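None of these values were measured; they are calculated from a predicted model.
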Amino acid sequence: MDTEYIAGKHSVLEAMRSQRSIHKIWIADQTQKSSIQPILTEAKNSGAILQYVDKKKLDQMVPDIKHQGVVAQVASYQYAEVDDILSAAAEKNETPFFLILDEIEDPHNLGSILRSCDCTGVHGVIIPKRRSAGLTASVSKTSAGAVEHIPVARVTNLGQTIDKLKKQGIWIAGADVSAEENIYRTDLTLPIGIVIGNEHKGIGRLIKEKCDFLIKLPMYGQINSLNASVAAGVIMYEVVRQRH
């Protein structure tokens, strides 16, 4: 079984709570036990191996991540199928609500988007296999462990996947600064998949053409653009506002 490292208190704790297979947990010697008690409790219940080590060892294991004194070796993330995401909405008897990420490349953006997805009840996220951040330790850390709870499907052809969703009654809305439709005057209570584009280029031309309609956030400043994860969060909460 393929394994990988995840780091940070929230990431490790949510991985255990989601029943992800944990092989081993390393904890920095100087970490206060009170701050990681939930992790210690879950580890005891699951039988995961615990080892206390020097903080420098954790720095070497995950050099680019603020690990908060906790690193775990886990089974590699299992991506969902698109049908699993559709089923997740049906099982909850809720109107489908997806995010489709068109080449989001920054792991921190992806992690932030997944965290907002968990908060807003998104049923799942679809990403392309190429030119896109995958579900890494950095994404897990930024998502505060939300990656363990949001189904993410990784598809070969985003355009074909959108066609499939449309045939199943999902409306596809693209977030685009050139759109004529203001998000606050658009019905988002439909079964919907919202496309968020690349941090620099936005939504690709072919994907934009497949959208049923385009939406934009009103802009009143000089820059007139938002970080991808911030824009996604605002849009997700407008869906929540309209539906609830």
With a 4.5 Å cut-off on side-chain heavy-atom distances among I, L, V, M, F, W and Y, is there a chain of contacts connecting [X] to [Y]?
| X | Y | answer |
| --- | --- | --- |
| L13 | I36 | yes |
| V82 | F97 | no |
| I127 | I170 | no |
| L188 | L226 | yes |
| I215 | L99 | yes |

Considering residues, nucleotides and ligands other than [X], do more than 12 of their heavy atoms fall under 6.0 Å from its [atom1]?
| X | atom1 | answer |
| --- | --- | --- |
| R20 | CZ | yes |
| E81 | CD | no |
| E180 | CD | no |

Quick check: closest heavy atoms across [X] and [Y], and the distance to 0.1 Å?
| X | Y | value |
| --- | --- | --- |
| G8 | Q68 | CA-OE1, 3.3 Å |
| V139 | G134 | CG2-O, 3.3 Å |
| A7 | I65 | CB-CG2, 4.0 Å |
| A72 | W26 | C-CZ3, 4.3 Å |
| E199 | D106 | OE2-N, 3.0 Å |
| L114 | A146 | O-CB, 3.6 Å |

Quiz item: Parallel, tilted or perpendicular: which describes the rings of W171 and F213, with under 30° parallel and over 60° perpendicular?
Solution: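 The arrangement is tilted - the two ring planes meet at 30° to 60°.
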
Quiz item: Is there a donor in the side chain of Q30 and an acceptor in the side chain of K55, or the other way round, less than 3.5 Å apart?
Solution: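 The answer is no; no qualifying pair exists.
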
Could you tell me the separation between the [atom1] atom of [X] and the [atom2] atom of [Y], rounded to the nearest 0.5 Å?
| X | Y | atom1 | atom2 | value |
| --- | --- | --- | --- | --- |
| E238 | T120 | CD | OG1 | 12.5 Å |
| K216 | N182 | NZ | CG | 7.0 Å |
| H123 | I85 | NE2 | CD1 | 10.5 Å |
| S116 | I150 | OG | CD1 | 10.0 Å |
| I39 | I25 | CD1 | CD1 | 7.0 Å |
| E148 | L135 | CD | CG | 9.0 Å |

Quiz item: Can you name the one residue among L101, L165, V195, V152 that meets side chain to side chain contact (heavy atoms under 4.5 Å, CB included) with I126?
Solution: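 Option passing the side chain to side chain contact (heavy atoms under 4.5 Å, CB included) with I126: L165.
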
Quiz item: Do I194 and V239 pass the side chain to side chain contact (heavy atoms under 4.5 Å, CB included) test, and can you show the C-alpha distance, the side-chain angles, and the key distance before you say yes or no?
Solution: CA-CA 10 Å; I194 293 173; V239 176; 3.7 Å; yes

Using 4.0 Å as the upper bound for N to carboxylate O, is an ion pair formed by [Y] and [X]?
| X | Y | result |
| --- | --- | --- |
| E209 | R205 | yes |
| K201 | E103 | yes |
| K164 | D83 | yes |

Please check this pair: side chain of [X] against backbone of [Y], looking for a donor-acceptor N/O pair closer than 3.5 Å.
| X | Y | result |
| --- | --- | --- |
| D212 | I172 | yes |
| E42 | R17 | no |
| R131 | I104 | no |
| S11 | S140 | yes |
| K166 | K210 | yes |
| S35 | Q32 | yes |

Quiz prompt | Derivation of the side chain to side chain contact (heavy atoms under 4.5 Å, CB included) call for V71 and V53 | solution = CA-CA 10 Å; V71 174; V53 296; over 6 Å; no

For the residue pair [X] and [Y], establish whether any side-chain heavy-atom pair is separated by less than 4.5 Å.
| X | Y | answer |
| --- | --- | --- |
| E105 | N198 | yes |
| E4 | V74 | yes |
| I6 | V12 | yes |

Quiz prompt | Candidate pair Y52 and T31, rule side chain to side chain contact (heavy atoms under 4.5 Å, CB included), full reasoning | solution = CA-CA 9 Å; Y52 289 86; T31 304; over 6 Å; no

Practice problem: Show your working on side chain to side chain contact (heavy atoms under 4.5 Å, CB included) between M236 and I113 and close with a plain yes or no. | Solution: CA-CA 10 Å; M236 283 185 261; I113 289 170; 4.3 Å; yes

